[in-house]
J.: 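Handing you this structure, nothing more for now.
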Amino acid sequence: MRTQVGIIGGGPSGLLLSQLLHVRGIDNVVLEKHSREHVLGRIRAGVLERGFARLMREAQVGDRMDREGQVHEGFQIACNGTLDRIDLKGLTRGDTVLVYGQTELTRDLYEGRDALGGTVIHRAEEVEPRDIETQAPYITFRRGCEAIRLDCDYIVGCDGFHGVSRQTLPKHRVREFERVYSFGWLGVLTQTPPVSSELIYARHERGFALCSLRSAALSRYYIQVPLTDSVDDWTDERFFEELRRRLPDQVSATMVTGPSIEKSVAPLRSYVVEPMRHGRLFLAGDAAHIVPPTGAKGLNTAASDVHYLHEALVHHYIHGDDGCLDHYSERALARVWKAQRFSWWMTALLHRFPERGDYDQRLQETELSYLRSSDVARASLAENYVGLPF
Ligand code: FAD
Ligand code: PHB
């Protein structure tokens, strides 16, 4: 088999890149380890920046998102029993975010790939990028009993944090930056009306909580839990009792609860690998960097990588210019680090850090009170939350 760009990973990054390249006439093949149903079963991101939505439209898969996605002009921060609204639209130049689930946008991308006749190979096992330092890289993989070789000009690793692509980079040529947190988020999805029309991020001495949503009838709630906890430790009753305790009374009083239709624990981690390219292998999305979900930046940062990379490949194939490919890692990382900073800051602002002492506790309280009193601080939060330009 031969293609121009071999893409490893059929999550949102891989599918979006594939669709954008196809629209510009660049041939590509996506290799995905799991089945389509498995990929669509993952409940993850919910908040999209405008830049992400723009890319979905450019990829000709934005219609349903534009019809069904909810524009959010602000969100709430709950602390000490009160709510403080961050007016995203008013604090930026009219910018907003879109609430549209990762499951839905992945479904739209798969349908887009089908409509254009794109090649996505599912259940590709033992995928391995090879000869990435040469002009003729290729990928080997197995499908059932068949061993297959995919020759390509370039390979893009979009295979998430646990994928194979990053492992292929020679250890002595890369630098890794990491922060691991001692807690995770326990998330629950329920078929109930959301407690609030806007997201509520809550700081509480018992730990962080988040009230999010997918639609008028579907709620997504999270609470901070120790990493040692598993979903089996948390019945629905215990989950909602704890969530209510962390929210202001006027919010918990109106919360409608129901049986969970999904429950999972996500550990929190900050990670970046530099550079995001070696030879003819490029990395994009969670394969190269991850953030704690507090600032809703993971998928949105994956989108900016995809933007820079697809633009660079278009320059190469259509204009014969390799300048953007050569600068991909640098350009992508400049934005990646800003998302890292913001996600770390928002995590530090709102979570309980059991290992920290009274001094840090006071600093956290002061940061929140400064945020409440300063328009400049609020504008900075809003600017980052809606997404820095790319
Ligand atoms: P992934 O989604 O991990 O996709 C990688 C794909 O590669 C997978 O389909 C996998 O099966 C495949 N793969 C792996 N290994 C191989 C292999 N060896 N061969 C072939 N295929 C392979 N981000 C936001 O922007 N906003 C939010 O609101 C938000 N909320 C979140 C909430 C939670 C609880 C979590 C956990 C994350 C959240 N994120 C959010 C982050 C977001 O979900 C990720 O950043 C996003 O999924 C990254 O997409 P990706 O395509 O790069 O990687
Ligand atoms: C979600 O709806 O899953 C979500 C929303 C905002 C975040 C993280 C997750 O910051």
Side-chain angles (χ1 to χ4, degrees), residues 6-18 30-36 38-49 51-52 70 72 75 97-103 105-106 109-110 120-129 139-143 156-168 184-189 194 198-201 208 210-215 218-222 262-269 271 283-306 339 342-343 346-347 350 385 387:
I7 300 173
I8 304 177
S13 308
L15 294 171
L16 182 59
L17 178 66
S18 168
V30 177
L31 303 176
E32 166 57 48
K33 185 178 177 176
H34 295 290
S35 66
R36 185 186 284 213
H38 179 99
V39 177
L40 289 174
R42 289 195 288 241
I43 314 285
R44 282 155 88 178
V47 176
L48 306 182
E49 296 171 3
F52 195 109
Q70 292 180 30
H72 279 224
F75 67 85
V97 290
L98 198 63
V99 169
Y100 190 63
Q102 180 163 336
T103 316
L105 72 89
T106 309
L109 284 162
Y110 270 127
V120 181
I121 301 179
H122 284 279
R123 296 199 180 85
E125 293 169 60
E126 294 167 24
V127 174
E128 263 187 66
I139 307 174
T140 54
F141 63 101
R142 212 167 44 72
R143 186 134 205 279
V156 184
C158 294
D159 46 350
F161 187 65
H162 300 287
V164 64
S165 303
R166 194 177 68 252
Q167 312 305 330
T168 314
W185 281 17
L186 172 65
V188 157
L189 188 70
E198 291 189 340
L199 272 71
I200 304 176
Y201 290 83
F208 169 78
L210 170 62
C211 304
S212 182
L213 62 152
R214 291 290 178 273
S215 68
L218 206 54
S219 303
R220 181 70 166 157
Y221 296 115
Y222 297 97
E262 196 268 353
K263 196 187 280 171
S264 51
V265 178
L268 266 60
R269 188 192 293 265
Y271 173 91
L283 299 180
D286 278 19
H289 43 76
I290 49 174
V291 284
T294 326
K297 286 289 159 258
L299 184 56
N300 289 304
T301 312
S304 57
D305 293 351
V306 167
F342 177 65
S343 305
M346 214 163 147
T347 304
L350 298 169
Y385 194 86

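Each ligand, and each atom within it, is numbered from 1 in the order the structure gives. Counting from 1, the numbers follow the sequence of the chain as shown. Model, not experiment: these values are computed from the prediction.
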J.: Over all heavy atoms of both residues, which pair between D159 and V164 is shortest? Give the atoms and the distance, please.
T.: OD2-N, 2.8 Å
J.: What do you reckon, is CZ of R123 surrounded by more than 12 foreign heavy atoms closer than 6.0 Å?
T.: no
J.: Out of all atoms in ligand 2, which are within 4.0 Å of some heavy atom of A296? Include the element for each.
T.: 7 (C), 10 (O)
J.: Measure from NZ or CZ of R214 to the centre of the six-membered ring of Y100 and say whether it is under 6.0 Å with the direction within 45° of the ring axis.
T.: no
J.: When you look for heavy atoms under 4.0 Å from ligand 2, do you find them on the side chain of R44, its backbone, both, or neither?
T.: backbone
J.: Using the side chain to side chain contact (heavy atoms under 4.5 Å, CB included) rule, take L199 and V99 through it: C-alpha gap first, then chi angles, then the decisive distance, then the call.
T.: CA-CA 10 Å; L199 272 71; V99 169; 4.1 Å; yes
J.: For each nitrogen or oxygen atom of ligand 1, which protein N/O atoms lie closer than 3.5 Å, and how far apart are they, rounded to 0.1 Å?
T.:
from     : atom 1 : to   : atom 2 : distance (Å)
ligand 1 : 9 (O)  : E32  : OE1    : 2.7
ligand 1 : 9 (O)  : E32  : OE2    : 3.3
ligand 1 : 9 (O)  : R42  : NH2    : 2.5
ligand 1 : 11 (O) : E32  : OE2    : 2.6
ligand 1 : 21 (N) : K33  : N      : 3.2
ligand 1 : 23 (N) : G298 : N      : 3.3
ligand 1 : 23 (N) : L299 : N      : 2.9
ligand 1 : 25 (O) : A296 : O      : 3.1
ligand 1 : 25 (O) : G298 : N      : 3.4
ligand 1 : 25 (O) : L299 : N      : 2.8
ligand 1 : 25 (O) : N300 : N      : 2.9
ligand 1 : 25 (O) : N300 : ND2    : 3.1
ligand 1 : 26 (N) : V47  : O      : 3.4
ligand 1 : 26 (N) : A296 : O      : 3.3
ligand 1 : 28 (O) : G46  : N      : 3.1
ligand 1 : 28 (O) : V47  : N      : 3.2
ligand 1 : 43 (O) : Q102 : OE1    : 2.7
ligand 1 : 45 (O) : D286 : OD1    : 2.8
ligand 1 : 45 (O) : D286 : OD2    : 3.4
ligand 1 : 45 (O) : L299 : N      : 3.2
ligand 1 : 47 (O) : Q102 : NE2    : 2.8
ligand 1 : 51 (O) : P12  : N      : 3.3
ligand 1 : 51 (O) : S13  : N      : 2.9
ligand 1 : 51 (O) : S13  : OG     : 3.1
ligand 1 : 52 (O) : S13  : OG     : 2.6
ligand 1 : 52 (O) : D286 : N      : 3.0

J.: Which atoms from ligand 2 have a heavy atom of V47 less than 4.0 Å away?
T.: 5 (C), 6 (C)
J.: For L199, take its heavy atoms, then give the atoms of ligand 2 lying under 4.0 Å from any of them.
T.: 5 (C), 6 (C)
J.: Does ligand 2 have any atom that is closer than 4.0 Å to a heavy atom of W185?
T.: yes
J.: Any side-chain donor paired with an acceptor under 3.5 Å for Q70 and H72?
T.: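 Short answer, yes.
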J.: Under the salt bridge (Lys or Arg N to Asp or Glu O under 4.0 Å) rule, what do E262 and R220 come out as? Steps first, then yes or no, please.
T.: CA-CA 9 Å; E262 196 268 353; R220 181 70 166 157; 2.9 Å; yes
J.: Does L210 come within less than 4.0 Å of ligand 2, judged by its heavy atoms?
T.: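 Under 4.0 Å: yes for L210.
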J.: Would you mind checking which non-hydrogen protein atom is closest to atom 6 (C) of ligand 2, with the distance to 0.1 Å?
T.: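 Heavy-atom neighbour on the protein nearest atom 6 (C) of ligand 2: Y201 OH, 3.3 Å.
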J.: Against heavy atoms of T294, which atoms of ligand 2 measure under 4.0 Å?
T.: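 This gives 10 (O) as the contact atoms.
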J.: Under the 6.0 Å and 45° cation-pi test, does K297 pair with Y385?
T.: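 Yes - K297 lies over the ring of Y385, closer than 6.0 Å to its centre and within 45° of its axis.
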J.: Looking at ligand 2, does Q102 have a heavy atom less than 4.0 Å from it?
T.: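 Contact absent.
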J.: Of the side chain and backbone of S212, name the one, both, or neither that has a heavy atom under 4.0 Å from an atom of ligand 2.
T.: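 The side chain, only.
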J.: Could you please spell out the steps behind the side chain to side chain contact (heavy atoms under 4.5 Å, CB included) verdict for L210 and I200?
T.: CA-CA 6 Å; L210 170 62; I200 304 176; 6.0 Å; no
J.: Do D286 and R166 pass the salt bridge (Lys or Arg N to Asp or Glu O under 4.0 Å) test, and can you show the C-alpha distance, the side-chain angles, and the key distance before you say yes or no?
T.: CA-CA 10 Å; D286 278 19; R166 194 177 68 252; over 6 Å; no
J.: If we only count N/O pairs under 3.5 Å, is P293 in contact with ligand 2?
T.: yes
J.: So which protein heavy atom does atom 3 (O) of ligand 2 come closest to, and at what separation?
T.: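 That would be Y222 OH, 2.6 Å.
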J.: What is the minimum heavy-atom distance between A303 and F52, and which atoms define it?
T.: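 For A303 versus F52, the nearest heavy atoms are CB-CD1, 3.1 Å.
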J.: Under 30°, 30 to 60°, or over 60°: which ring-plane class applies to Y222 and W185, parallel, tilted or perpendicular?
T.: tilted
J.: Using a 4.0 Å heavy-atom cut-off, say whether I43 meets ligand 2 through its side chain, its backbone, both or neither.
T.: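 For I43, no heavy atom sits under 4.0 Å from ligand 2.
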J.: Can you confirm whether the side chains of D305 and H289 place a donor and an acceptor under 3.5 Å from each other?
T.: yes
